[in-house]
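Keep in mind it's a predicted model, so treat the numbers as computed, not measured. In what follows, chains carry the letters A, B, and so on, assigned in the order in which the sequence lines appear, proteins first and then strands, with residues in each chain numbered from 1.
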Amino acid sequence: RSRAAADVRASLRALGRARSDRAKVDGIAALVRMTRGHEAKWLVKTLPPAMQGVGISLEATVLPCLGRAALVRCKGPRVAKTDLQRAGKSIREAYARRGDVEVVADAVLGVIRGGESDFHGALVEALGRACCLAPGVPPAPMLANPANSVKDAVARLLKYKKGTTVIGRYPAIAVERKYDGQRAAIHRTASGEVRIFSRKNDDMTAKFPDVVEYVNAAAPRGVAFCLDAEIVPVGEDNKPRPFQELSTRKRVDVASAVVDVRVRVAIFDLLWLGAEDITSRPLVERRRALKAAFGPPSRDVCYADDGCADVTVDGDDDEETIMSALHDAVDAGTEGLMLKRLDAPYEFSAGPRSNAWVKLKKDYLDGLGDSFDLVVIGGWRGQGRKNKWVSPVLVAARDPATGALGSVCRVMSGLTDVFYRDFTTRVLGGEIVGDRRPSGGLLRNGPAPGVVTGETCRFWFEPRIVWEIKGADLSLSPVHKAAAGLVHSQRGISLRFPRFLRERPDKSVRDAATFAEVAERYRAQSNVSK
DNA sequence: CCTGTCTGCCCC
DNA sequence: ATTCTGC
DNA sequence: GCAGAATGGGCAGACAGG
């Protein structure tokens, strides 16, 4: 044992000295070879993310290597780049349809053994046969591209060219509400078993016994299907509640009788019905089949396009139409809109997000959504690329009555490298070098007087700098303390998806957002009970 | 048994 | 989730 | 245009320690 420990130690030391990718891969390989069975998994978990990325990512490495291996076996050691790309694409698409490396690998092995002369034809045929969509086996869900304005959304939709049956001269677009819940692939097999999968295809069936009942009640009898849907927390009025409430549901051993957070299922796509894969059919047809099969909306199951009307983007007044639908959607307590080409097939997310689906959230738009001027009060040392800089940064709102500074959130998104360098120099007196403790700038020994937070910062600053921070919405926080006591006895108010917009050198701490303002904006959210 | 901390191919 | 960076 | 990196809030569960 001591012999093995010494070997491991020596290998870790060597890995620490490694500079090139080649050396890192060799170092990791040496360590992995020392492991038995599950030990490898735990070894890999201990490596920093940058090292884990070296040579062992499934999508980026394992799948392409499978293609290369097959090419080498079938066509010899000299592999053309185009062949490699073709094979890689086929394999990635197959994996998106059926996320099971074993099935994919078996199909590829079959091609190698078959020794066909038409390698690519044989590969496509074998993968198509083995990796077909099937109820009970969740594919990688189709993803939407974000748009930062209505104009941008329309431009993206027009750019999409893969549609096969453009209706009329201009593309018809489905408008749907973007509910703030959990994405769910809801499958029912031919034997009648219902399974619910998350966006990353984790089995969530145990968490949603009520959803199983709702969907079984709405579905046609004795038919298999694959639905795409959003599970949304709702109140007694059947209106959306904050996402935060959905996550308080138990995840294991849930009996539908004791579910405390009621949900509604907003369905929006149908991939399979009866014995047929309909993903290659255009959305118009899939949606028609969906509504024919599942009937009118009910208390428990609705359609994401309820309350919306399709639009045709002909450059006429579609921007106003969409903007007005966006405001309606936000008033109804949803995040915004999904805009979808009605002529596009369902595209499993192998690679880039499709422009056939575009998401338009209110907070992406300038002038909409919540933004606050907050005081910089502390921070930590960044990891990896940001090791020389302060990242993330803790920001706070203030209470004019007491002088308290209650933390709102950490921020890192939206900060550029150039800004980091300048900011770090201002608050620490220079970039962070080695293990030396910085001293200078606005650095303090502890939190400034009045600071209230559940966070423990590595660096605390003199409260001087004001930043404008934007978020999607406000939540009640167990760690952040802004406005604590105003809407909840202990919990403060925090920002979801915070990002830095700009520094406000024109503002002093006295001009920063107050607890009262933050509390008011929290209460003004349409899904918060008053 | 209670509490504090850490983890999750977590959810967003 | 969001955003920035480098290719 | 795309992949990769570095990170956000917040929850239930699991686990460690008293």
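Nucleotide D/dG4 has C/dC4 as its partner under the Watson-Crick or G-U criteria, with both atom distances under 3.5 Å. Pairing partner, D/dG13: B/dC6, with both Watson-Crick or wobble hydrogen-bond distances short of 3.5 Å.
Taking only side-chain nitrogens and oxygens, A/Lys200 never comes nearer than 4.0 Å to OP1 or OP2 of B/dC11. For the OP1/OP2 pair of D/dC11 and a distance below 4.0 Å, the side-chain nitrogens and oxygens of A/Arg491 include at least one atom meeting the criterion. Distances shown here put every side-chain N or O of A/Arg499 at or beyond 4.0 Å from the OP1 or OP2 atom of C/dT2. Dashed line: the shortest gap from a side-chain N or O of A/Lys361 to OP1 or OP2 of C/dT2 is under 4.0 Å. Distances shorter than 4.0 Å separate none of the side-chain N or O atoms of A/Arg385 from OP1 or OP2 on D/dA6. Listed pair A/Ser477 / D/dG9 fails the phosphate criterion, with no side-chain N or O lying under 4.0 Å from OP1 or OP2. Side-chain N/O atoms of A/Gln244 include one lying less than 4.0 angstrom from OP1 or OP2 on D/dC11. Distances shorter than 4.0 Å separate none of the side-chain N or O atoms of A/Thr416 from OP1 or OP2 on C/dC4. OP1 and OP2 of B/dC12 both lie 4.0 Å or more from every side-chain N or O belonging to A/Ser247. Taking only side-chain nitrogens and oxygens, A/Lys386 never comes nearer than 4.0 Å to OP1 or OP2 of C/dT5. Listed pair A/Lys359 / C/dA1 meets the phosphate criterion, a side-chain N or O lying under 4.0 Å from OP1 or OP2.
A/Asp202 comes within contact range of the sugar-phosphate backbone alone, with a heavy-atom separation under 4.0 Å but no base atom that close. Within 4.0 Å (heavy atoms only), A/Gly471 reaches no atom of the nucleic acid at all. A/Leu246 comes within 4.0 angstrom of no nucleic acid atom, judged by non-hydrogen atoms across all strands. Counting non-hydrogen atoms under 4.0 angstrom, A/Val252 reaches the backbone sugars and phosphates but no base. A/Leu476 comes within 4.0 angstrom of the backbone, heavy atoms only, and of no base. Counting non-hydrogen atoms under 4.0 angstrom, A/Pro146 reaches nothing in the nucleic acid.
Taking atom C1' in both B/dG8 and B/dC12, one finds a spacing of 14 Å when rounded to whole Å. Only the C1' atoms considered, B/dC10 is 14 Å distant from B/dC6, to the nearest whole Å. Here the separation of B/dC11 from D/dA6, taken at their P atoms, is 23 Å to the nearest Å.
Atom P of nucleotide D/dA6 and atom CG of A/Leu415 are separated by 15 Å, given to the nearest angstrom. Straight-line distance from the CZ atom of A/Phe500 to the C1' atom of D/dA6: 17 Å, rounded to whole Å. If you measure from atom CG of A/Leu394 to atom C1' of D/dG8, you get 12 Å, rounded to the nearest angstrom. As a whole-Å value, the separation of A/Asn355 CG from D/dC2 C1' is 12 Å. With rounding to whole Å, A/Glu335 atom CD is found 13 Å from C/dT2 atom C1'. Atom CG of A/Asp180 is separated from atom P of D/dC11 by 14 Å (rounded to the nearest Å). When rounded to the nearest whole Å, the span between CG of A/Asp473 and P of B/dC12 equals 14 Å. Rounded to a whole Å, the OH atom of A/Tyr420 is 10 Å from the P atom of C/dT5.
Taking the six-membered ring for Trp and thresholds of 30 and 60 degrees, A/Phe197 and A/His187 have ring planes more than 60 degrees apart, a perpendicular arrangement. Using a 30° and 60° split on the angle between ring planes, A/Tyr346 and A/Trp357 fall in the perpendicular class, above 60°.
For the pair A/Asp417 and A/Lys386, the salt-bridge criterion is not met [side-chain N within less than 4.0 Å of a carboxylate O].
For the 3.5 Å distance criterion, the side chains of A/Thr453 and A/Ser407 qualify, holding a donor opposite an acceptor. Using modelled atom types and a 3.5 Å distance limit, the side chains of A/Arg262 and A/Asn238 yield a donor-acceptor pair. Side-chain polar atoms of A/Ser354 and A/Glu347 form a donor-acceptor pair below 3.5 angstrom.
For D/dC11, the base has a donor-acceptor partner in the side chain of A/Arg251 [N/O atoms by modelled type, under 3.5 angstrom].
Nearest to the side-chain atoms of A/Ser198 among the listed nucleotides C/dT5, C/dT3, B/dC11 stands B/dC11. Of the listed nucleotides (D/dA12, B/dC9, C/dT2), B/dC9 has the atom at the smallest distance from the side chain of A/Tyr95. Comparing atom distances between the A/Lys250 side chain and each of D/dG10, B/dC12, D/dG13 picks out D/dG13 as nearest. Picking from D/dG10, D/dT7, D/dG1 the nucleotide with the shortest atom distance to the side chain of A/Met412 gives D/dT7. Of the candidates D/dT7, B/dC11, D/dC11, the closest approach to any side-chain atom of A/Phe243 belongs to B/dC11.
Side chain of A/Arg249 to main chain of A/Val261: a donor-acceptor pair is present (N/O by atom type, distance under 3.5 Å, no hydrogens or angles).
The side chain to side chain contact (heavy atoms under 4.5 Å, CB included) test with A/Pro463 singles out one residue from A/Val375, A/Leu442, A/Val376, and that residue is A/Val375.
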